[in-house]
Student: 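Can you read through this structure? Questions will come right after.
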Protein chains: 2
Amino acid sequence: MSDFSNIEACPVRNVLDRLSDKWTMLVILVLGESKEMRFNEIHKRIGDISEKMLTVSLRKLEADGLISREVYPVIPPKVEYKLTALGQELLPLIDTITQWADRHMQQILQNRQQYNA
Amino acid sequence: MSDFSNIEACPVRNVLDRLSDKWTMLVILVLGESKEMRFNEIHKRIGDISEKMLTVSLRKLEADGLISREVYPVIPPKVEYKLTALGQELLPLIDTITQWADRHMQQILQNRQQYNA
DNA sequence: CAGGATCCCCTCTGATACTG
DNA sequence: CAGTATCAGAGGGGATCCTG
């Protein structure tokens, strides 16, 4: 049993803190759909993420070694992002949650509605 | 392939938005450790969550039907929280991520350090 | 095309005090 | 014990403009 209260040393807290922001898990999911993707592809795929937050999210994932970023020195610029081996390992775990979401969304929406009534 | 850009209708976005806050997944994990838990038990187990945020997190989870809340009409008050069947279904999925975290935390910390150097 | 740099808002979060 | 109410602050996040 992990010591959740030890924030610095607890791997669970440490990793969960990273994943638990508005966009990270979604970006991983999107990157999992193709071998590699360019900045604007990811941007369009998500739709309502700002360029700033996409950049921030990608940089954090890169820093953690979950994605790689390859810059091609061409004009116009071309940058490709893809999951690293580490990131690919995480992908199915998040994907399992999305499948659960698909199965139970209706029930959850119904629960919420009932709760607020 | 889900339409991630349709925020309202997309189950993935909808559920991920709920899970992606600072405390929710952690609360689910903690509740998964016992059959049921009282407010202050959860509070101590996590350590650095404020009472307010714990309350908010618990209420949201209750609204979604992932946990149940039973109030005993005694003095001093007693309230027990536990995962519902729906919540129990989600537990192992999150737990798998924590196991991944345990395995790769050292590597990730090392990646971060290297990235910032 | 892929962002970097700014500005700014407002939501999320915490601290504190209070209560049935 | 298990919260609620209120206030205040930080920073997450968006909009806009700019550039190699």
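Here is the naming used below: chain letters follow the sequence lines, and residue numbers restart at 1 for every chain.
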Student: Quick check for you: among D:dG13, C:dG14, C:dC1, whose closest atom lies nearest to any side-chain atom of A:Asp21?
Tutor: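 Closest nucleotide among those given: D:dG13.
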
Student: Side chain of B:Lys22, heavy atoms from C-beta onward: which of D:dG3, C:dG14, C:dA2 has the nearest atom to it?
Tutor: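 That would be C:dG14.
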
Student: Taking CE from A:Met37 and P from C:dA2, how many angstroms apart are they, rounded to a whole number?
Tutor: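 Roughly 11 Å, once rounded to whole Å.
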
Student: Please tell me if B:Tyr81 has a side-chain N or O lying less than 4.0 Å from either OP1 or OP2 of D:dG3.
Tutor: yes

Student: Could you check how far CD of A:Glu62 sits from C1' of C:dG3, rounded to whole Å?
Tutor: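 Rounding to the nearest Å, CD of A:Glu62 and C1' of C:dG3 are 13 Å apart.
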
Student: Provide, to the nearest angstrom, the distance between the CG atom belonging to B:Asn40 and the C1' atom belonging to D:dT4.
Tutor: 15 Å

Student: Of the listed nucleotides (D:dA2, C:dA2, C:dG14), which one gets closest to any side-chain atom of B:Phe39?
Tutor: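 It is D:dA2.
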
Student: Could you check whether B:Thr24 and B:Asp21, counting side-chain N and O atoms only, form a donor-acceptor pair closer than 3.5 Å?
Tutor: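 B:Thr24 and B:Asp21 do have a side-chain donor-acceptor pair below 3.5 Å.
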
Student: Return the 5'-most residue of the pair A:Trp23, A:Pro76 with respect to DNA chain D, ranking by each residue's nearest nucleotide.
Tutor: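 Its nearest nucleotide lies further toward 5', so the answer is A:Trp23.
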
Student: At under 4.0 Å, does any side-chain N or O of B:Arg59 touch on OP1 or OP2 of D:dG3?
Tutor: yes

Student: Rounded to the Å, how far apart are A:Glu70 CD and C:dA2 P?
Tutor: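 Rounded to the whole Å, the gap is 14 Å.
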
Student: Judged by each residue's nearest nucleotide on DNA chain C, which is more toward the 5′ side, A:Thr55 or A:Pro77?
Tutor: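 Mapping each residue to its closest nucleotide by heavy atoms, the 5'-most match is A:Pro77.
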
Student: Could you walk me through whether B:Glu70 and B:Lys82 satisfy the salt bridge (Lys or Arg N to Asp or Glu O under 4.0 Å) test, starting with their C-alpha distance in whole Å, then the side-chain angles of each, then the deciding distance to 0.1 Å, before giving a yes or no?
Tutor: CA-CA 9 Å; B:Glu70 184 160 13; B:Lys82 61 178 174 183; 5.5 Å; no

Student: Taking the basic N atoms (NZ, or NE/NH1/NH2) and the acidic carboxylate oxygens, is any pair closer than 4.0 Å for A:Asp48 and B:Arg13?
Tutor: yes

Student: Within this structure, what is the NE2-to-P distance between B:His43 and C:dG14, rounded to whole angstrom?
Tutor: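 Distance, rounded to whole Å: 10 Å.
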
Student: C:dT13 P sits how many Å from B:Leu26 CG, rounded?
Tutor: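 Between P of C:dT13 and CG of B:Leu26: 13 Å.
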
Student: Return the value, rounded to whole Å, for the distance between atom CG of A:Leu54 and atom C1' of C:dA2.
Tutor: 10 Å

Student: With a 4.0 Å cutoff (strictly under), does any side-chain N or O of A:Arg38 reach OP1 or OP2 of C:dA2?
Tutor: yes

Student: Does any N or O in the side chain of B:Ser34 come within less than 3.5 Å of the main-chain N or O of B:Met37, such that one atom is a donor and the other an acceptor?
Tutor: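 Between the backbone of B:Met37 and the side chain of B:Ser34 there is no qualifying donor-acceptor contact (under 3.5 Å).
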
Student: Could you tell me whether a side-chain N or O of B:Ser57 sits under 3.5 Å from a main-chain N or O of B:Trp23, the two making a donor and an acceptor?
Tutor: no

Student: Specify the residue among B:Glu41 and A:Lys52 whose closest nucleotide of DNA chain D lies further upstream toward the 5′ end.
Tutor: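 So the residue in question is B:Glu41.
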
Student: If you find the nucleotide of DNA chain C closest to A:Lys78 and the one closest to B:Lys60, which residue's nucleotide is nearer the 5' end?
Tutor: A:Lys78

Student: Touch check for B:Tyr72, heavy atoms < 4.0 angstrom, all strands: base, sugar-phosphate only, or nothing?
Tutor: nothing

Student: Rounded to whole Å, how long is the line connecting atom CD of A:Glu51 with atom P of C:dG3?
Tutor: 10 Å

